[in-house]
There are 2 protein chains.
Amino acid sequence: MSLRHAVLAALLSGEYSGYELAKAFDVGVANFWYARPQQLYLELSKLEKDGLISGREVVQRTRPTKRLFMVTDAGLAELADFAAAASKPSFIRDDLLVKVQAVDHVDAAPVIAQLEQRAAAATAKVEILDKILRRYRGDLDEETYLRHGSPIGPYLTCLRGRRFEQEHHDWCVRAAELLRDRSLV
Amino acid sequence: MSLRHAVLAALLSGEYSGYELAKAFDVGVANFWYARPQQLYLELSKLEKDGLISGREVVQRTRPTKRLFMVTDAGLAELADFAAAASKPSFIRDDLLVKVQAVDHVDAAPVIAQLEQRAAAATAKVEILDKILRRYRGDLDEETYLRHGSPIGPYLTCLRGRRFEQEHHDWCVRAAELLRDRSLV
DNA sequence: CTACACATGTAAACGGTTACATGATTAT
DNA sequence: ATAATCATGTAACCGTTTACATGTGTAG
């Protein structure tokens, strides 16, 4: 039951609609969780029903009406409890790794192609994350921001996401290269 | 539906029982997937029913009787199809990241404690993975093994796991340090 | 005789994905 | 008109987790 807390944590940064959250969770900035839009709308309904967030309608001239949500005091208390409770260990679950694991026994060509696609996608995400990090830092250099800047939480998760994508990219490139060389023998 | 393929890929390395797979998937070596024992037993039943693996009973004097499984030709064909199909993008889903995301708004102390626990766990896992990598390599240096050694698939996934754990460790240590320093202000 | 590691499962509940569905507004 | 983007949902299905359950053999 952690999407619940991921949404709460995301809403600490400001008021967002389901649609805005969906973009952040689904596309680029999912540096600390990932979810489909449908799931977010569902979760937002539940959170509102439980009084952990409150929504307000915003009528727009130029766009359809949307509902913005903010964390309530009850929501903040729930998050505090969650933060103090034990975490599950993190683990990788990745289709592509399963394919690489099997690559000695199946045709390597499609696996190589997918590694190269992934590498490209990872590069794109690194760039997005770099932009976000720069926006947080403003004029400060990273060291200074880490010591005194604010907010620190989102900056740290963003850093983690950035490194994950960078690592993923490097590994994909290396693996593709090696498998390609071996295929030529 | 990827545990299915993860199990198939794992069984390419030899015959394993549910219990043996459980240890590999659950504890240290889950470098390409993760699953609970119960789920593995269930999945093995399904795979056998579908003819993708075949099991044989092994009566042991010193231990309870177990069932060892191996991939059938149909299973290998299934894996080949899977490897050629498109992969879903990989993403992080981690409780602890959610907590760090919220750390500006909740008590940092328990989050710091959890970061330190995670760092220690990651170090332990790095050591396990290093051992496995050395066992694969034997006398060869890494570069040579990557170019000519066999199997290459499991070695590459193991390398990915190792780097993931190392990164995770480094990030946890750094984040804990920073949050600790900030708490003292 | 007790604790531990080996060995294998079932059932209920939960969380996440996929498919389906709708409608407003703006730009082309 | 039509496509694209903004905006929000429901329902069925599937995969995962949690809790429950059982039994063998070894070592202390």
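Proteins get letters first, then strands, A, B, ... in listed order; numbering begins at 1 in each. Just the heavy atoms: all of them, side chains too, but no hydrogens, waters or symmetry mates, feed the values below.
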Under-4.0 Å salt bridge between [X] and [Y]:
{"X": "A:E116", "Y": "A:R180", "result": "yes"}
{"X": "A:K131", "Y": "A:E127", "result": "no"}
{"X": "B:R174", "Y": "A:E143", "result": "yes"}

Would you mind listing the cluster partners of A:V126? Hydrophobic ones only (ILVMFWY), side-chain contacts under 4.5 Å, chaining allowed.
none
Within the 4.0 Å limit for protein heavy atoms, which parts of nucleotides 6-13 of chain C are touched? Write it as a string from 5' to 3', B for base, S for sugar-phosphate only, - for none.
BBBBB---
Considering every strand and a 4.0 Å limit on heavy-atom distances, what is the contact class for [X]: base, sugar-phosphate, or nothing?
{"X": "A:S2", "value": "nothing"}
{"X": "B:R4", "value": "nothing"}
{"X": "A:R61", "value": "sugar-phosphate"}

Side chain of A:Q114, backbone of B:A83: donor and acceptor closer than 3.5 Å?
yes
Could you state the [atom1]-[atom2] distance from [X] to [N], rounded to the nearest angstrom?
{"X": "A:L40", "N": "C:dG15", "atom1": "CG", "atom2": "P", "result": "15 Å"}
{"X": "A:F91", "N": "D:dG15", "atom1": "CZ", "atom2": "P", "result": "16 Å"}
{"X": "A:E43", "N": "C:dT17", "atom1": "CD", "atom2": "C1'", "result": "14 Å"}

If hydrophobic clusters are built by linking Ile, Leu, Val, Met, Phe, Trp and Tyr wherever their side-chain heavy atoms come under 4.5 Å apart, do B:L68 and B:L52 end up in the same one?
no
Distance test, side-chain N/O of B:R36 to OP1/OP2 of D:dT18, below 4.0 Å
yes
